[in-house]
Engineer: 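Sharing a structure below in structure tokens format, with a few things to ask.
What you see below is based on every heavy atom in this structure, not just the backbone, and it leaves out hydrogens, waters and symmetry mates.
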Amino acid sequence: MRNEAMTHSDKTLQELPPLKAVTVSRDVQNFDLLIEDMESALGEAWGDIGFAEARHFFEQPEAKALEFIAMALDAEDEDKTVFLSEIIKSAKSKGINVVLIAEDVTPTALHQLLRDGADEFVPYPLPEGELHAAIERLNTPAPAPAAPVSVAAAPVAAGPGKKEGVIIATHGLAGGTGATTLAVNLAWELATVDKKNPPKVCLIDLDLQFGSIATYLDLPRLEPVFELWTDTESMDDEMFKYALVGFEDRLSVFTSPSDMIPLDLITSDDVTRVLDMAATHFDYVIVDMPKTLVQWSEAVLRKAAVYFATLELDMRSAQNTLRLVRALQAEDLPADKLRYVLNRGPKFTDLNGKSRIKRMADSLDIKIEVVLSDGGKPVTQGADHGLPLASSAAKNPLRKEIAKLASELHALGQSEAKAA
């Protein structure tokens with residue numbers, strides 16, 4: 001298990017220094033630059049083991065002095081992500097740090113391994129001096145923890161709020177139509193639309209069962225969220241503040257609960273109280289809705305100044321649009337408040353696609369007011385990056401269109417405020 005240089009050493013096993021690190025890989029010979037850097041950094045105080053023997057090795061006396069493992073993987077190892085996560089968790093349970101050395105691995109797999117406990121990531125081939133830098137970071141004591149704060153840098157005031165925030169909802173008319181992507185990125189673009197006087201923005205995830213906004217932005221799901229939903233009658237400014245978590249000092253987020261709860265656990269009154277509280281403290285409140293219609297959907301529809309319904313150019317979206325409109329009309333609800341957003345629209349030169357949009361709108365008797373481009377892999381894979389598109393793919397056409405939409409909404413809000 002010792003590295004090759006150690007195996008051919010004249011020293012006896014007793015004279016070898018204790019192991020400070022090991023590489024963990026399918027075959028360390030596939031990572032020759034890693035071998036060179038490990039020898040440069042640690043001399044003979046390192047070894048190599050395979051994935052299969054790693055967890056057993058961590059239990060051995062020889063592993064007690066380990067400071068870190070360098071887990072090396074490439075595209076062939078990506079289907080073992082769950083198994084590799086278990087190795088990481090096992091190492092962390094023994095107080096051993098983990099450095100990922102990855103070549104041609106997708107961001108989704110990397111994000112999962114980092115979330116499961118890996119401390120550092122270094123791409124392969126290794127940049128000059130990067131492994132040394134990662135080891136130094138591992139050996140640098142962590143700064144003293146600051147007092148816990150669960151609210152964004154634009155905190156909720158201690159006293160009663162005085163704003164009259166605009167509520168904007170997003171509702172996917174079918175799975176994968178981009179409602180959550182629109183909600184997250186629209187919230188971020190609104191929060192950054194005015195550099196001199198940035199609006200205060202709150203993003204609320206009302207998909208209580210499968211809400212993924214916390215995952216999109218790599219945020220924790222706070223326990224106070226569930227506590228607040230179960231007793232909104234007692235909610236005050238402080239309770240609301242501690243249910244929020246901040247993202248990059250710009251955005252306040254009200255995530256879905258940490259556990260899956262029934263959609264009918266809350267009532268229209270509960271939702272109304274939370275929306276009213278948010279609107280008194282923020283300029284914009286973006287609400288991501290579940291695809292399912294529930295009793296309290298009416299409360300959001302009536303409260304929202306804009307209610308975006310996302311769809312695609314396919315039969316399932318068309319059928320669901322008809323069913324939604326009929327359901328709203330049957331209950332005498334304002335179906336005319338819906339603003340239809342076509343996701344993954346045809347390219348500028350696709351005349352046939354544009355004709356299909358017109359035929360779809362005419363057949364459904366609706367007006368498609370916003371057409372968003374297909375953002376491609378930066379969007380489909382970006383949900384696991386923990387960043388809005390403005391940070392991960394600023395030049396992506398979808399990001400540019402959402403930024404333009406945010407600017408138009410903000411300009412409209414400003415003009416109405418001046419008129420009032």
Side-chain angles (χ1 to χ4, degrees), residues 1-127 129-140 384:
M1 187 193 61
R2 289 275 179 170
N3 61 63
E4 187 176 352
M6 295 163 59
T7 303
H8 291 86
S9 173
D10 294 328
K11 295 181 180 181
T12 64
L13 184 60
Q14 288 76 14
E15 294 174 323
L16 289 171
L19 289 176
K20 291 184 178 180
V22 293
T23 58
V24 182
S25 63
R26 187 178 72 256
D27 183 356
V28 74
Q29 298 302 322
N30 294 333
F31 300 89
D32 52 348
L33 296 177
L34 174 60
I35 295 174
E36 293 177 8
D37 279 10
M38 291 291 285
E39 289 178 348
S40 173
L42 301 169
E44 296 181 339
W46 71 280
D48 67 87
I49 56 177
F51 292 137
E53 57 189 313
R55 296 173 67 185
H56 175 71
F57 172 70
F58 297 151
E59 304 292 335
Q60 304 306 308
E62 196 174 358
K64 288 184 178 180
L66 284 182
E67 296 175 2
F68 71 93
I69 65 170
M71 178 179 283
L73 61 152
D74 57 24
E76 291 186 34
D77 303 311
E78 195 159 336
D79 60 349
K80 306 184 186 77
T81 302
V82 175
F83 177 58
L84 300 182
S85 290
E86 292 302 316
I87 296 175
I88 291 171
K89 292 175 183 177
S90 181
K92 297 300 293 182
S93 71
K94 300 294 182 182
I96 304 169
N97 291 315
V98 179
V99 178
L100 291 179
I101 313 293
E103 180 180 22
D104 296 331
V105 177
T106 64
T108 301
L110 284 176
H111 184 65
Q112 182 63 49
L113 296 174
L114 287 166
R115 292 202 62 165
D116 287 337
D119 302 280
E120 293 282 344
F121 160 63
V122 180
Y124 189 89
L126 297 165
E130 189 58 33
L131 182 62
H132 286 267
I135 295 172
E136 287 181 6
R137 289 193 294 269
L138 293 176
N139 293 331
T140 301
D384 286 331

Engineer: Please test Glu130 against Arg137 for salt bridge (Lys or Arg N to Asp or Glu O under 4.0 Å), starting from the C-alpha separation and ending with a verdict.
Structural biologist: CA-CA 10 Å; Glu130 189 58 33; Arg137 289 193 294 269; 3.3 Å; yes

Engineer: Any side-chain heavy atom of Leu131 sitting closer than 4.5 Å to one from Met38?
Structural biologist: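 They are in contact (side-chain heavy atoms under 4.5 Å apart), so the answer is yes.
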
Engineer: Using 0.5 Å steps for rounding, measure from the CD1 atom of Ile69 to the CD1 atom of Ile88.
Structural biologist: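 Interatomic distance, Ile69 CD1 to Ile88 CD1, rounded to 0.5 Å: 7.0 Å.
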
Engineer: Determine the minimum heavy-atom distance between Ala65 and Pro18, stating which atoms define it.
Structural biologist: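 Distance-wise, the nearest heavy atoms are CB-CB, 4.2 Å.
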
Engineer: Is the shortest side-chain heavy-atom distance between Ile35 and Trp46 below 4.5 Å?
Structural biologist: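 Contact flag for Ile35/Trp46 side chains = yes.
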
Engineer: Using side chain to side chain donor-acceptor pair (under 3.5 Å) as the criterion, list what pairs up with Glu103, not counting sequence neighbours.
Structural biologist: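 Applying side chain to side chain donor-acceptor pair (under 3.5 Å) to Glu103 gives none.
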
Engineer: First locate atom OG1 of Thr23, then atom CD1 of Ile101, and finally report the distance between them rounded to the nearest 0.5 Å.
Structural biologist: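 One finds 9.5 Å between OG1 of Thr23 and CD1 of Ile101.
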
Engineer: Under 4.0 Å between a side-chain nitrogen and a carboxylate oxygen: does that hold for Arg26 and Asp74?
Structural biologist: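 Yes, this pair counts.
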
Engineer: With a 4.5 Å heavy-atom cut-off, do Val98 and Ile87 have their side chains touching?
Structural biologist: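 Not touching, per the 4.5 Å side-chain cut-off.
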
Engineer: Donor-acceptor check, side chain of Asp119 to backbone of Val99, threshold 3.5 angstrom: yes or no?
Structural biologist: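 Flag not set: sc Asp119 to bb Val99 has no pair under 3.5 Å.
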
Engineer: Does some side-chain heavy atom of Ser40 sit less than 4.5 Å from a side-chain heavy atom of His132?
Structural biologist: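 His132 vs Ser40: side chains touch.
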
Engineer: Does the side chain of Val105 come within less than 4.5 Å of Leu100's, by heavy atoms?
Structural biologist: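 No, every pair of side-chain atoms sits at 4.5 Å or beyond.
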
Engineer: Between atom CG of Leu34 and atom CD of Glu39, what is the distance when rounded to the nearest 0.5 Å?
Structural biologist: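 Between atom CG of Leu34 and atom CD of Glu39 there are 10.0 Å.
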
Engineer: Using a 6.0 Å cut-off, check whether atom NZ of Lys64 has over 12 heavy atoms from anything other than its own residue.
Structural biologist: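 Open.
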
Engineer: Tell me every residue that passes ring-ring contact (aromatic ring centres under 6.0 Å, His included) with Phe68, counting only those two or more places apart in sequence or in another chain.
Structural biologist: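 So Phe68 forms no ring-ring contact (aromatic ring centres under 6.0 Å, His included) with any residue.
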
Engineer: Supply the atom-to-atom distance Arg55 CZ to Lys89 NZ, rounded to the nearest 0.5 angstrom.
Structural biologist: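 Here the interatomic distance stands at 9.5 Å.
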
Engineer: What pair of heavy atoms forms the shortest contact from Leu114 to Phe121, and how long is it?
Structural biologist: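 The answer is CD2-CB, 4.3 Å.
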
Engineer: Starting from the C-alpha separation in whole Å, work towards a yes-or-no answer on side-chain hydrogen bond (donor to acceptor under 3.5 Å, both in side chains) for Gln60 and His56.
Structural biologist: CA-CA 7 Å; Gln60 304 306 308; His56 175 71; 3.2 Å; yes

Engineer: Distance-only, no hydrogens or angles: does the Ser85 side chain make a donor-acceptor pair with backbone N or O of Thr81 under 3.5 Å?
Structural biologist: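 Yes.
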
Engineer: Taking the side chain as every heavy atom from C-beta outward, state whether Ser90 and Ile96 have any pair of such atoms under 4.5 Å apart.
Structural biologist: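 No, side chains not in contact.
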
Engineer: So Glu67 and Asn139, side chain to side chain contact (heavy atoms under 4.5 Å, CB included) or not? Walk me through it.
Structural biologist: CA-CA 9 Å; Glu67 296 175 2; Asn139 293 331; 4.2 Å; yes

Engineer: Which value, rounded to the nearest 0.5 Å, describes the distance between Glu76 atom CD and Asn30 atom CG?
Structural biologist: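 Result: 7.5 Å between the selected atoms.
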
Engineer: Does a side-chain heavy-atom distance below 4.5 Å link Phe57 with Leu66?
Structural biologist: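 Yes, at least one pair of side-chain atoms sits under 4.5 Å.
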
Engineer: Rounded to the nearest 0.5 Å, how far apart are OH of Tyr124 and CG of Leu33?
Structural biologist: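 That separation rounds to 3.5 Å.
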
Engineer: Are any non-hydrogen side-chain atoms of Asn97 and Glu120 less than 4.5 angstrom apart?
Structural biologist: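 With C-beta onward as the side chain, the pair stays apart.
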
Engineer: State whether the number of non-hydrogen atoms from other residues, nucleotides or ligands found under 6.0 Å of Lys20 atom NZ is greater than 12.
Structural biologist: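 Open.
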
